[in-house]
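Read through the structure below, which is laid out as structure tokens, and then see the notes.
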Amino acid sequence: MEEEARLILREAVCQEAEPENPAAFIHECFAPYGGVELELPPRGPMREPPRFD
């Protein structure tokens, strides 16, 4: 049994892991739930910066 555990661990460690794209992973996780359309508030003029007189 110990040898089987060593073999499993050896195979797991020796496998080369492909670099994972975090954005693709998140998309795969949440794609089945559908998307959400958010309303963006209108942009207004910038306010005046504070004065420290």
Side-chain angles (χ1 to χ4, degrees):
M1 191 163 148
E2 182 181 344
E3 183 60 30
E4 185 179 355
R6 289 176 191 259
L7 179 63
I8 292 170
L9 288 172
R10 194 175 303 119
E11 287 178 2
V13 171
C14 291
Q15 292 178 355
E16 289 189 30
E18 295 181 20
E20 191 170 314
N21 180 348
F25 175 74
I26 292 170
H27 178 72
E28 288 175 18
C29 289
F30 293 99
Y33 301 110
V36 175
E37 294 296 326
L38 301 176
E39 282 189 39
L40 297 176
R43 293 186 126 195
M46 291 182 61
R47 62 181 186 193
E48 292 293 319
R51 297 183 64 190
F52 300 102
D53 297 342

Ignoring hydrogens and angles, write down the donor-acceptor pairs under 3.5 Å from the side chains of residues 45-53, residues two or more places apart or on other chains.
from  : atom 1 : to    : atom 2 : distance (Å)
Arg51 : NE     : Asp53 : OD2    : 3.4
Arg51 : NH2    : Asp53 : OD2    : 2.7

Give every residue pair that meets the salt bridge (Lys or Arg N to Asp or Glu O under 4.0 Å) criterion with at least one member in residues 30-44, sequence neighbours excluded. none
With Arg10 via salt bridge (Lys or Arg N to Asp or Glu O under 4.0 Å) - residues at least two apart: none
Calculate, to the nearest 0.5 Å, the distance between atoms CG and CD belonging to Leu9 and Glu4 respectively. 11.0 Å
With a cutoff of under 4.5 Å between side-chain heavy atoms, which Ile, Leu, Val, Met, Phe, Trp and Tyr residues group with Leu38? Val36
Is Ile26 linked to Tyr33 within one hydrophobic cluster, defined over Ile, Leu, Val, Met, Phe, Trp and Tyr using a side-chain heavy-atom separation of less than 4.5 Å? yes
Looking at residues at least two apart in the chain, or sitting in another chain, which of them share a side-chain contact (heavy atoms from CB on, under 4.5 Å) with Phe25? Glu20, Cys29
